[in-house]
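Some notes on the structure that comes next.
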Amino acid sequence: MAITVPAYAAPSAKAPLERITVTRRDLGEHDVLIEIRYSGICHSDIHQARDEWGGAQFPMVPGHEIAGVVTEVGSGVTRHAVGDRVGVGCFVDSCRECANCLAGDEQYCLKGMTGTYNSVGRDGEPTHGGYSTHVVVDENYVLRIPEALALDVAAPLLCAGITLYAPLKRWQAGPGQQVAVVGLGGLGHIGVKIADALGAEVTVLSRSLGKREDALRLGADHYRSTTDPATFTELDGRFDLIVNTVSANLDVDAYLGLLKLDGTLVYLGAPEYPASVNVFSLINGRRNIAGSMIGGIAETQEMLDFCARHGIGADIEVIAADRINEAYDRVVASDVRYRFVIDAATI
Ligand code: NAP
Ligand code: ZN
């Protein structure tokens, strides 16, 4: 039977989020019902709730960093059982038959993946995310959270964790590699931990010197302020890989100049305005510019298992649901160390 549950939703672009109820569908053969315990606040939630990327659907219940416990399973479910600790990330379905889905890159489904929220499910109904007490998801899009990870610090791994793990693996961050993480926020701080665990030499590039101690504690080897012009001259040609997590536009050419021959600048941050690049910054030094979006289901499980082995969770501030709007303003002001996580019991 479908259930009605409380949630926090943006009623329209730029309006504060407010408490509403949403309906979770009847449990299908392959569905699991998850009691949500924690839900991370990703900057993408804010971009979408404020319609900064266009095409927003309201009312919108954001949340794609979900950690909880399975409380009911459909008759055909084999991957999860009642009582299992599980997570849900940025998408809850995909076509399962295109080349990308078959390759495990479901996030790039050629027919379009179904977003956890601000999307329309294969049943034609709008999807609603994790700022809620319960969610129903097909078992194939639900991840196992290893025992070694507490649910609150695991929640942000479902988006921020995989968003950094996937490019760090793809571009082979590891021993002997110089990796820079630009922006020390929700994504960036987990990127530092993962790049360090992979064995790379990690530099944090942040606007101020204010996060220096934190960055070194998180595993960075070096820390530089991007407002200091000497940073760009002294680090010229230094990096094999730069992962850019900044939610606003940067001087792309300046960052490309920090790459070695064949180095790559990977865009993870998704600002609302286009970026522009002087092609000579690419030609000179055969440099690459790339982008990367979250990761596939198998890769997300691999990331959770990796984080459990290395003791990597997010650094979080747990908040009650009635502080979501305040938390949004603080994320936009970069006043978060380093991820807000909603305690779903307060919804
Ligand atoms: P966040 O916690 O707000 O972190 C972003 C960081 O960027 C800030 O902490 C700040 O770091 C830096 N920054 C912010 N504004 C800046 C500005 N005007 N100029 C320079 N630096 C600035 O956000 P997040 O949750 O990590 O998300 C970051 C971005 O990634 C968002 O655009 C989000 O939508 C996107 N995202 C993409 C994916 C993907 O799959 N590609 C997945 C999730 C999120 P400092 O204070 O250290 O400078
Ligand atoms: Zn996210």
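Atoms within each ligand, like the ligands themselves, are counted from 1 in listed order.
- Looking only at protein heavy atoms, the nearest one to atom 40 (O) of ligand 1 is Ile294 N, 2.8 Å.
- Under 3.5 Å, the side chains of Glu317 and Tyr338 contain no donor-acceptor pair of N or O atoms.
- Within the 4.0 Å heavy-atom shell around ligand 1 one does not find Phe340.
- Ranking the protein heavy atoms by distance from atom 21 (N) of ligand 1 puts Val246 CG1, 3.2 Å first.
- The shortest contact between atom 10 (C) of ligand 1 and any protein heavy atom is with Arg207 NH2, 3.3 Å.
- If you look at Tyr223 next to ligand 1, there are no close heavy atoms at all, none under 4.0 Å.
- Considering all non-hydrogen atoms of both residues, Glu65 and Ile41 come closest at OE1-N, 4.0 Å.
- Interface of Ala248 with ligand 1, defined as ligand atoms under 4.0 Å from a residue heavy atom, comprises 17 (C), 18 (N).
- The side-chain hydrogen bond (donor to acceptor under 3.5 Å, both in side chains) with His222 is formed by just one residue from the set Arg212, Arg238, Gln178, Glu201; it is Glu201.
- Atoms of ligand 1 found under 4.0 Å from any heavy atom of Gly269 (numbered from 1 in listed order, with element): 29 (C), 30 (O), 32 (O), 35 (C).
- A donor-acceptor pair shorter than 3.5 Å can be found between the side chains of Ser206 and Tyr223.
- Those atoms of ligand 1 with a heavy atom of Ser44 less than 4.0 angstrom away are 33 (C), 34 (O), 35 (C), 36 (N), 43 (C), 44 (C).
- For atom 41 (N) of ligand 1, the candidate residues are Gly188, Ala270, Ser292; the nearest heavy-atom contact is made by Ser292.
- Hydrophobic clustering, with ILVMFWY side chains joined whenever heavy atoms are under 4.5 angstrom apart, groups Val22 together with Ile324.
- The Zn ion (ligand 2) has no N, O or S atom of His43 under 2.8 Å away, backbone or side chain.
- The His43 neighbourhood of ligand 1 comprises atoms 1 (P), 3 (O), 23 (O), 24 (P), 25 (O), 27 (O), 31 (C), with distances under 4.0 Å to a heavy atom of that residue.
- Of all the atoms in ligand 1, the ones that sit under 4.0 Å from a non-hydrogen atom of Cys159 are 42 (C), 43 (C).
- The His47 neighbourhood of ligand 1 comprises atoms 31 (C), 32 (O), 33 (C), 34 (O), with distances under 4.0 Å to a heavy atom of that residue.
- Counting the atoms of ligand 1 from 1 in the order shown, those under 4.0 Å from a heavy atom of Lys211 are 9 (O), 11 (O), 45 (P), 46 (O), 47 (O).
- Side chain of Thr226 to main chain of Leu205: no donor-acceptor pair is present (N/O by atom type, distance under 3.5 Å, no hydrogens or angles).
- Close placement of the Phe232 and Tyr255 rings is indicated, their centers lying within 6.0 Å of each other.
- For ligand 1 and Ser247, the ligand atoms under 4.0 Å from any heavy atom of the residue are 14 (C), 15 (N), 31 (C), 32 (O).
- At a cut-off of 2.8 Å, Cys159 is counted among the residues with an N, O or S atom near the Zn ion (ligand 2).
- Inspection of the Glu139 and His30 side chains reveals an N or O donor paired with an N or O acceptor under 3.5 Å.
- Proximity of Arg339 to ligand 1 is established by a heavy-atom distance of less than 4.0 Å.
- No side-chain donor-acceptor contact under 3.5 Å links Thr114 and Asp93.
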